[in-house]
Amino acid sequence: MTIGRPWVLIVRFALPLLLGNLLQQLYNIVDSIVVGQFVGTTALAAVGTAFPIIFLIISLFVGIATGATIIISQYYGAKDQRQVKKTIDTIYITMAIASVAIIAIGILLSRPLLLLINTPPEILPQAVTYMRIFFVGTIAVFGYNVNSGILQGLGDSRSPLFYLILSTIINIALDLLFVLGFGWGVAGVALATVLAQLFAFVFGIWHINKTQTFIKISLKNLQPDWTILKDSVRLGLPAGLQNIAFSIGTMALQRLINSYSPAFIAGFNVSNKIDAFAFLPMMTFSIAITTFMGQNIGAGKIERAKQGVKATLIIVIILCAIICPLIILFAKTLLATFTSDPAVITAGLAYLNRVMPFFVLLSILFIYSGALRGAGETMIPLLSAILSLWVGRVPIAYWLASFSRDDLYFSFPIGWLVGLLIVIPYYLSGRWKRKAVVSLDQSKKQIEADAVLRSDLQDLP
């Protein structure tokens, strides 16, 4: 990503990643469709209610993995394959230890945390079952995402797509088998997701070892580097804390949602599946700009990194102008895919009609946050996320709910606006330019290497 037109490289990187993210979202969508159509409204509400707690427990370690991905992209941009290999070994050791801890924590705390967010009694047993099975499969979920992060840091967004397609097909087949064939309900949906992720994890290791010969992942010969782990924690901890802040804020909002009927809860959860069609492209381009920034800052190309940010902002604004009106126009039809319950559809429309017109604010927020992370500045996105939630969305949601249940959703765009007031001034100040992990000497070496490459290309007939 250090040579060529920035917008072309970013789009080329993002498109396979976007398709992969859509396929991964298909896991959740298929789960919800199968549960909503063949199990019932309470089961549909249970699956959605469990998600914020699941994300809360795994989010800290996901953040540390994000820090490792930033380091990989910067070392790869500096052509330091030895440090890339050390970073990968380190994150694998961290993942193994974290998985054991999360399995224990998740199993023990599933029920208490669900009670904490006011989960209705008719939903609680199924939500507990879903969460516990999901947590048992933590190593598979982590493994797939770590492998994808490694390849993204290397600038490869295409390879994970192929085995994700296979795992998605497996997930759909197992959903139908476990729910329709065996009658396992919510438990079958959770088990299908875990087994499909396990396949993606194992296949990913095989693929990386085959295509990236300088890495060679071997669980017996991992050699962690504690300095790299320290840098991963330094860069990833703010991202992990941001995820935790987001999860706690989502749980606080879910507690408010749970104070209403199961139909309203299900409508909120289903509409979140639909707005993912707008959210995933923005998240994808946020990941793309993180990698682009990391590699170009590792190569010492600051101005090129800024060009990439401008190009990505234009892309996501155009996407919002296309996708969001389509979702609003076809909202009722999309909701009917998940359920035939009129009350659930009405509740889902209340969310989509109040949130989607302002989605461009979230898109811009994600791009600036992703750019800052790629530069090695992770504290400002953390501060932005915390203030967005705890100054904007959560307190305003409770305040608006006292007047109108449906209008509480206007708290979402208000929160995004608060976040933008943090990240945009900081980005424009340019202070992020001093946050790179890779040293100036390494960047100079990369600039010299690129100059040689351009000279060689010019000499070709």
Side-chain angles (χ1 to χ4, degrees), residues 12-31 34 54 58 61-62 64-66 68-69 72-73 76 81 84-85 87-100 102-103 133-178 188-223 280 283-284 287-288 291:
R12 188 181 298 164
F13 178 88
L15 286 178
L17 189 61
L18 173 59
L19 184 54
N21 283 333
L22 287 172
L23 286 170
Q24 195 168 22
Q25 180 64 20
L26 190 60
Y27 277 47
N28 295 325
I29 290 175
V30 170
D31 288 351
V34 171
I54 291 172
I58 69 173
F61 300 99
V62 169
I64 294 173
T66 300
T69 300
I72 288 170
S73 66
Y76 192 68
Q81 293 184 349
V84 170
K85 175 66 170 66
T87 305
I88 291 170
D89 284 356
T90 301
I91 196 58
Y92 255 87
I93 290 290
T94 305
M95 178 191 71
I97 297 171
S99 296
V100 175
I102 286 178
I103 289 171
I133 293 174
F134 189 93
F135 281 121
V136 169
T138 295
I139 186 68
V141 177
F142 268 22
Y144 163 72
N145 286 284
V146 165
N147 287 341
S148 295
I150 290 169
L151 292 169
Q152 290 163 19
L154 299 177
D156 180 4
S157 61
R158 295 184 180 183
S159 297
L161 176 61
F162 297 108
Y163 51 85
L164 181 57
I165 291 173
L166 294 176
S167 67
T168 301
I169 294 171
I170 291 172
N171 181 66
I172 294 172
L174 292 178
D175 267 341
L176 297 174
L177 175 65
F178 293 163
V189 167
L191 184 60
T193 299
V194 168
L195 291 177
Q197 291 272 10
L198 181 62
F199 170 83
F201 173 35
V202 174
F203 198 91
I205 292 177
W206 173 83
H207 183 270
I208 289 173
N209 286 342
K210 182 180 179 182
T211 59
Q212 306 292 337
T213 55
F214 71 95
I215 295 176
K216 289 296 180 185
I217 298 171
S218 173
L219 301 182
K220 294 181 180 179
N221 300 311
L222 296 177
Q223 298 178 348
L280 287 180
M283 184 182 72
T284 299
I287 295 170
T291 300

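Just so it is clear, the structure is predicted and the values come from calculations on it, not from any experiment. Residue numbers start at 1 and run along the sequence shown. Quick note: numbers below take in every heavy atom, side chains included, and nothing from hydrogens, waters or symmetry partners.
Across all their heavy atoms, Ala192 and Leu174 have their closest contact at CB-CB, 3.6 Å. When all heavy atoms of Ile103 and Val136 are compared, the pair lying nearest together is CD1-O, 3.8 Å. Of all heavy-atom pairs spanning Asn147 and Ile208, the tightest one is OD1-CD1, 3.8 Å. The shortest non-hydrogen separation linking Ala140 to Phe201 is O-CB, 3.9 Å. Val34 and Leu176 make their closest contact through CG2-CD2, 4.3 Å (heavy atoms, listed as atom of the first residue, atom of the second, distance). The two residues Thr284 and Ala14 have their closest heavy-atom pair at CG2-O, 3.2 Å.
Atom CG of residue Leu195 and atom CZ of residue Phe178 lie 5.5 Å apart, to the nearest 0.5 angstrom. From Ser167, atom OG reaches atom CG of Leu198 across 10.5 Å, with rounding to the nearest 0.5 Å. Rounding to the nearest 0.5 Å places CG of Asp175 at 10.0 Å from CG of Leu191. Interatomic distance, Gln197 CD to Thr138 OG1, rounded to the nearest 0.5 Å: 11.0 Å.
Ile165 places a side-chain heavy atom less than 4.5 Å from the side chain of Ile169.
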